[in-house]
K.L.:
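Take this structure first; my questions come after.
The residues of the chain are indexed from 1 along the displayed sequence. Only a predicted model underlies this, so the values are computations on that prediction, with no experimental measurement involved.
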Amino acid sequence: SGADTNYALITSGGNVGINEVSPTALLHVSTADSGVSPSTSADELLVENSAIAGITIGSGTSSTGNIFFGDSGDAAVGQISYNHSTNSFTFATNGAANTYINSIGNLGLGDSDPSEAKLSITGVASGDSGIKIDQDQNFYALHIDHDGVSNYHTIFVDSPTTTTGAVLQIDGCDSLTTGAVAYFNSGSTGLETSATGGLVQIVHDADSDAQVNNLLFIHNDHADSTGTTALKIQQDSTGPAITSTGNILIDADDKALVL
């Protein structure tokens, strides 16, 4: 008979090798040598191949496939679960599910049914921000490329309950030199002359009665702001710079209107 071939081996240190004569993990399953030495923080199981390597968890079509992370206090304190009946992932931390990926790849943070958005966030803790972007590089912190249906807003804030704060606030732009806090630009030639709005529209449709509701309020409030223009309109076409169907109130301590 020919020489024996070892398909499984147990070393003197207790490591088990399957198709591996020098197992470097407690259980080392090898198709071909990858050259990987496992970290001492993850050397209970090593599955390797010199090309594609993988592990399969097979479950019933209406069941889940699970990976649990446990300790002496909770055998399932961390969880990764795939539900075959809904084809969705659920992730849990501290024993509670909180992150979800549905069958079309929508991500829910706190939202177990993120069917309405590619990213849906709910259940934000008091005092926390829903989204925080810390960009230290010389590029955009947020870039929205909107090529969708023309009659939908690129950014939509739905019924905010803000009372004394601001719905949109841009603060601390103290490093500006030749830039701008807000810049709006459009090269559209299709903005019809019959359009009721403009590139920037401010609309207030509630009955304010005697309440003071300034649709546009500019306050140049600094001791060194003397001589600084609060509002400048440069109209390079033959049309009027300002038109109004109501009253225009100008309240200024210096020159009210310079033409």
Side-chain angles (χ1 to χ4, degrees), residues 64-71 74 76-188 197-206 213-219 221:
T64 60
N66 306 303
I67 300 176
F68 284 6
F69 304 85
D71 54 36
D74 190 337
V77 67
Q79 305 170 27
I80 302 174
S81 178
Y82 188 85
N83 189 323
H84 289 270
S85 62
T86 59
N87 289 316
S88 61
F89 264 117
T90 299
F91 298 83
T93 58
N94 199 26
N98 50 46
T99 303
Y100 310 86
I101 303 175
N102 69 7
S103 60
I104 61 173
N106 288 3
L107 173 62
L109 302 181
D111 185 357
S112 60
D113 181 21
S115 57
E116 296 181 349
K118 185 56 66 176
L119 171 62
S120 178
I121 302 174
T122 189
V124 179
S126 177
D128 288 351
S129 300
I131 297 178
K132 179 182 178 181
I133 302 175
D134 188 352
Q135 167 64 300
D136 296 327
Q137 307 303 316
N138 188 25
F139 208 64
Y140 309 116
L142 177 63
H143 183 180
I144 301 175
D145 186 356
H146 187 190
D147 295 325
V149 181
S150 61
N151 60 341
Y152 280 88
H153 309 297
T154 300
I155 299 177
F156 178 62
V157 181
D158 188 11
S159 303
T161 57
T162 306
T163 55
T164 58
V167 175
L168 176 62
Q169 179 171 336
I170 303 174
D171 197 9
C173 301
D174 301 331
S175 299
L176 280 174
T177 54
T178 59
V181 174
Y183 176 71
F184 303 92
N185 179 42
S186 173
S188 173
L199 294 182
V200 178
Q201 300 182 40
I202 303 174
V203 178
H204 182 258
D205 59 3
N213 281 274
N214 300 305
L215 297 188
L216 177 61
F217 179 68
I218 301 174
H219 189 189
D221 184 23

K.L.:
Using side chain to side chain contact (heavy atoms under 4.5 Å, CB included), reason through N94 and D74 one step at a time and then give a plain yes or no.
P.N.:
CA-CA 9 Å; N94 199 26; D74 190 337; over 6 Å; no
K.L.:
Is it the case that over 12 heavy atoms from other parts of the model lie below 6.0 angstrom from the CD atom of E116?
P.N.:
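Not buried by this count: 12 neighbours or fewer within 6.0 Å.
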K.L.:
Which heavy atom of F69 sits nearest a heavy atom of Q79, and at what distance?
P.N.:
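What the structure gives for the nearest pair is CD1-N, 4.1 Å.
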K.L.:
Nearest 0.5 Å, please: how far is CG in N83 from CG in N102?
P.N.:
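If I round to the nearest 0.5 Å, the distance is 12.0 Å.
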K.L.:
Give a yes-or-no answer on whether the side chains of S81 and N66 include a donor-acceptor pair shorter than 3.5 Å.
P.N.:
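Result is yes, a qualifying pair exists.
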K.L.:
Which word best sums up how the rings of Y82 and H84 line up, parallel for under 30°, tilted for 30 to 60°, or perpendicular for over 60°?
P.N.:
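If you compare the ring of Y82 with that of H84, the planes turn out perpendicular.
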K.L.:
Rounded to the nearest 0.5 Å, what separation is found between the CZ atom of F89 and the OG1 atom of T64?
P.N.:
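It comes to 11.5 Å.
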K.L.:
Would you tell me whether N98 and T93 have side-chain atoms, one donor and one acceptor, within less than 3.5 Å of each other?
P.N.:
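Looking only at side-chain atoms, T93 and N98 do form a donor-acceptor pair, the distance falling under 3.5 Å.
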K.L.:
Could you check whether any side-chain N or O of N106 sits under 3.5 Å from a backbone N or O of P114, counting only pairs where one atom can act as donor and the other as acceptor?
P.N.:
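Checking the backbone N and O of P114 against the side chain of N106, a donor-acceptor pair under 3.5 Å is found.
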K.L.:
Start with the C-alpha gap between L119 and L109, add the side-chain angles, then the distance that decides, and say whether side chain to side chain contact (heavy atoms under 4.5 Å, CB included) holds.
P.N.:
CA-CA 8 Å; L119 171 62; L109 302 181; 4.2 Å; yes
K.L.:
Once you round to the nearest 0.5 Å, how far does CD1 of I131 lie from CG of L142?
P.N.:
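If I round to the nearest 0.5 Å, the distance is 8.0 Å.
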K.L.:
Mind listing the side-chain donor-acceptor pairs of residues 163-187 below 3.5 Å, one per line with the distance, residues two or more places apart or on another chain?
P.N.:
unit_1: Q169; atom_1: NE2; unit_2: D171; atom_2: OD2; d: 3.4
unit_1: S186; atom_1: OG; unit_2: S188; atom_2: N; d: 3.2

K.L.:
In Å and rounded to the nearest 0.5 Å, what is the CG to OH distance from D113 to Y100?
P.N.:
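It comes to 10.5 Å.
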K.L.:
Evaluate whether atom NE2 of H146 has more than 12 neighbouring non-hydrogen atoms of other residues, nucleotides or ligands under 6.0 angstrom away.
P.N.:
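It does: H146 NE2 has more than 12 such atoms within range.
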